[in-house]
Every structure is written in C-alpha cells, then in structure tokens.
Amino acid sequence: MQAENGNKVKTLVFRVSEENFDSVLERASAIIKHGGTVAFPTETVYGLGADGLNPEAVLKIFEAKKRPPGNPLSLLVHSREDVERVSRNIPESAFRLMDVFWPGPLTIVLEKNDIVPDITSGRLKSIGVRMPDHKIPLELIKRAGTPLAAPSANLSGKPSPSLATHVISDLTGRIDAILDGGEAAIGLESTVIDMTIKPPVVLRPGAVSLEELENVIGKVRSGYKNGEAGNEPNLSEKKAGQKYGHYIPDTKVVLVEGEGKSVSEKLVKLLESYRSEGQKVGLLLSEETSKETATFLALQNLDPHECFLLGPREEPEVAARKLFEGLRKLDKKGLDVIVADGSFSRFGLGEALINRLREASSIKIVA
Ligand code: TXA
Ligand code: MG
C-alpha cells in the first residue's frame, strides 16, 4: 500500500463543511478502522492519524512521513476512558492538568499500558497522550473507537503543517485521505510535559506555558534545548523524542535575536553582505523590523528577493500561526539563505515561537 514499493497510494482530499461533516467523518473513520492513514486539522497543527493500537497501521505513519523508527508517537484521545486504556499509574497531578488544559494543546507523557504497541511508543515505557480541542479529530477518534497515533502531518524534518495545502504537498500519494478543515488556530505543536518523573519536565514548549503548568501542579522543570538552556544529563530516555531534528527547511536559515532596532540594523548588514556575495536572500520578519529595515534598504537601493511578514513583535501568537507557512513559502523560492527575525516578545506563545525559530536555523546571531 505504501509508496515504498513504488506504488503510490491514492490520496482522497475532502474539504470538510457543516453539510458534509457527517459523511466525510464516516468515510474517514472507516479508513482508520481498516488500518489506513488520515490527515486532519487540530487546533495546534495538522496531524497524521492511524489506529494507535494497530502496529501495521502505525507502521504506515512511519513510512509515509519517512520518520526514523524509534521516534515515539503520541496518542490523541477522546475521553478519560481512552487515557486509562492506554496508560497506567496516572498521578493525581496529571488528572489536574487534564481538568484544566484539556481539550487543548498539552501532551501529557504517562506510563504506558501493554495495549500500546512498541512501535507506537518507540519502545519507551511511556506514551504521550493529548485530547485535541477540535471537533474533527474528536469525532474521528470517537467513530473509529480507538486512540489515534498522530504525529504532525509533514515529511519528517520539515516544518509542521498549519494548512491542508502543506499536507497535500508533503504527503499526497503516501496516505489514504486528507481532511481540509482550514488553518490551524495555534500553528505550533502542543506543549509536551513528562509526568513520569518528579518534578515533571517540559520536553517541548507550546501554547501552555511553564508558568501556567506550575500554577496547577507546582514545580515544573524545563527540559528542552533552547540554545543556551537544557542539556539535562539525566533525562536520556525522556529526551528520546528530541534527538531527531525538527522544523528544518531545505534552505539555510540564519536567526538574528535581540532587541527591536538592533535586530533591524544587523539584518541590514547581513543582507548587504549576502547580496555582495551574489546570494539570493529571503526575509522572515516582524512588522516593526520590516518597517525599520525598509528605510535602511531604500537608502541603499537594496531589496530582499522575498519577504514574509509574521506579525507584530508584541503579538507572538500571530507570528506563531504564520511561522510554518512562512518557512514553507520561502523554502520553495530557490533562495540561498533565509534570514529570520528573532525580535518577538517571549511572552505567551513567544517562548514556543523562539524555540521553533532556533530549531529551524543553522546559524544563530545575537544582535
Ligand atoms: O500538537 C501536537 O502535539 C501535534 C498534533 C498533531 O497533535 N502532534 C505532534 O506530534 O506534534 P509529533 O509526533 O510531531 O510530536 C510529539 C512529541 C515528539 O517530540 C515526541 O518525540 C514526543 O512528543 N513524545 C511522544 N511520546 C513521548 C514519550 N513517551 N517520551 C518523550 N517524548 C515523547
Ligand atoms: Mg512533528
């Protein structure tokens, strides 16, 4: 069935509306029940789902995404009963997180039950579980009657999909169906918290912040690489899911971090020097940096080859929603380098935004 043997899968694409919701979900759940693969929107990013308890179905996810075996998948669930089916020894604090943040952008890593196949958990004894805040996956899980293994619906190593067109361009011919439900509201993947150790560790920042988690369950540690942060020596198993590269466009990305104007000045200098070497440069900018650099660049008669605007510096949630779209768009332009603006506020989604920008970039400069 998979593209591995050269035979392309026929990928059905459905634009989901109120009118066809019932019939599309019926077809999609039949595909899942038969061990197939369906991509769908969630509030974070698009997911690629298959029956998480069926090893053959889960294998299709790895093949379609070209995901390295051993990189653990998380499960999307529809109810507390689902959670108790797939995990055990659930700490009371994990239930409190579910009460406050579910359905929503929080993946909770728990001790796994034997019902979850090794291929799903990447042979770890734990499993990430999330209840999405989106009626398409919730209905799909309910009708299929099984938790869905559902990583982001991109080719492994590419930016996650925030639009159905991203899934179509990565996975057409590799999966059974794509449900187009419009733009993902958040645009970045969920926060991942490991509740199997004390104090719990945030493995990936997302829309639920460390402070919000601490307000509910007390002390939480940050365990993700963020340039200067992270590198906890004792978290080797817990970090298993992080040893693989993420969010990497084909074009080299240079990230310039710092305060507003200094970033703009550095960006102009970089653009000058890349242009003098004959390199094609694209820019990924906040609105403010775009305005500030426009004046400099006009004075020197210098224009970037391409420019994508993410949003205002003080509204990182806007930039978060647009980030993967911007990276994907610029990546298709045949540029030599993408210079990204790291001047966004670190509040709210700003922490997750800068984390993804750092992951996407191979050169980081502090202005
Ligand atoms: O927002 C999201 O979480 C999206 C949507 C589709 O639900 N899904 C997503 O899946 O981003 P994925 O597979 O791309 O990311 C799940 C993250 C990975 O970093 C994975 O390594 C980690 O969770 N993870 C899953 N199970 C784990 C475990 N048992 N221990 C440590 N990390 C785990
Ligand atoms: Mg992913």
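Counting convention: from 1, in listed order, for ligands and their atoms alike.
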For L73, atoms of ligand 1 separated by under 4.0 Å from a heavy atom: 25 (C), 26 (N)
Which atom names give the shortest non-hydrogen contact between S343 and T289, and what distance separates them? OG-OG1, 3.5 Å
Is there at least one pair of N or O atoms, one from R130 and one from ligand 1, spaced under 3.5 Å apart? yes
Less than 6.0 angstrom from the centroid, inside 45 degrees of the normal: does K135 satisfy that with respect to the ring of F21? yes
Under 4.0 Å from ligand 1, counting heavy atoms only, is it the side chain of R123, its backbone, both or neither? neither
Around E277, counting heavy atoms of other residues, nucleotides and ligands shown, do more than 12 lie under 6.0 Å from its CD? yes
Would you please determine whether E43 falls within less than 4.0 Å of ligand 1 on a heavy-atom basis? no
Contact atoms of ligand 1, heavy-atom distance to L203 under 4.0 Å: 31 (C), 32 (N)
Spatial distance of atom CZ (R358) from atom CG (L255) [nearest 0.5 Å]: 7.5 Å
Of L330, L327, L335, the residue whose pairing with T251 passes side-chain contact (heavy atoms from CB on, under 4.5 Å): L335
May I ask you to check whether over 12 heavy atoms, not counting those of E84, lie within 6.0 Å of atom CD? yes
Candidates K125, E189, R67; heavy atom nearest atom 13 (O) of ligand 1 found on R67
Heavy-atom neighbours of R27 CZ exceed 12 at 6.0 Å: no
Within ligand 1, which atoms have a heavy atom of L124 less than 4.0 Å away? 28 (C), 29 (N), 30 (N)
If I compare all heavy atoms of L76 with all of P132, which pair ends up nearest, and what's the gap? CD2-CD, 4.1 Å
Using a 4.0 Å cutoff against the non-hydrogen atoms of G128, which atoms of ligand 1 qualify? 26 (N)
Contact check: T42 vs ligand 1, nitrogen or oxygen atoms, below 3.5 angstrom: no
Smallest separation among heavy atoms of R321 and A185, with atom names: NE-O, 3.1 Å
Check ligand 1 against S190 and write out every atom of the ligand that is under 4.0 Å from a heavy-atom position of the residue. 1 (O), 2 (C), 3 (O)
In terms of atom number and element, which parts of ligand 1 are under 4.0 angstrom from non-hydrogen atoms of T107? 3 (O)
Just to be sure I read this right, does ligand 1 sit under 4.0 Å from the backbone of N71, its side chain, both, or neither, counting only heavy atoms? side chain
Could you check whether any heavy atom of P132 sits closer than 4.0 Å to an atom of ligand 1, since that is the contact criterion I want to use? no
Using a strict cut-off of 4.0 Å, indicate which atoms of ligand 1 neighbour a heavy atom of S126. 28 (C), 29 (N), 30 (N)
Picking from L148, V167, D180, what satisfies side-chain contact (heavy atoms from CB on, under 4.5 Å) with F40? L148
Who's closest to atom 27 (C) of ligand 1 heavy-atom-wise, of S160, G206, P72? P72
Tell me, please, if N154 has any N/O/S atom, main chain or side chain, under 2.8 Å from the Mg ion (ligand 2)? no
Residue-level breakdown please: for D194 versus ligand 1, do any non-hydrogen atoms fall below 4.0 Å on the side chain, on the backbone, on both, or on neither? neither
Does K112 approach ligand 1 within less than 4.0 angstrom via side chain, backbone, both or neither, non-hydrogen atoms only? neither
Look only at interatomic distance and state if Y46 has a nitrogen or oxygen under 3.5 Å from any nitrogen or oxygen of ligand 1. no
Between D331 and K252, does any side-chain N to carboxylate O distance fall below 4.0 Å? no
Residue pair L140 / S29: nearest heavy atoms and the distance that separates them: CD1-N, 3.5 Å
In one Ile/Leu/Val/Met/Phe/Trp/Tyr side-chain cluster, 4.5 Å: Y46, F62: yes
Which of the ligand 1 atoms, numbered from 1, are nearer than 4.0 Å to a heavy atom of G47: 6 (C)
For ligand 1, the portion of A150 having any non-hydrogen atom under 4.0 Å away: backbone
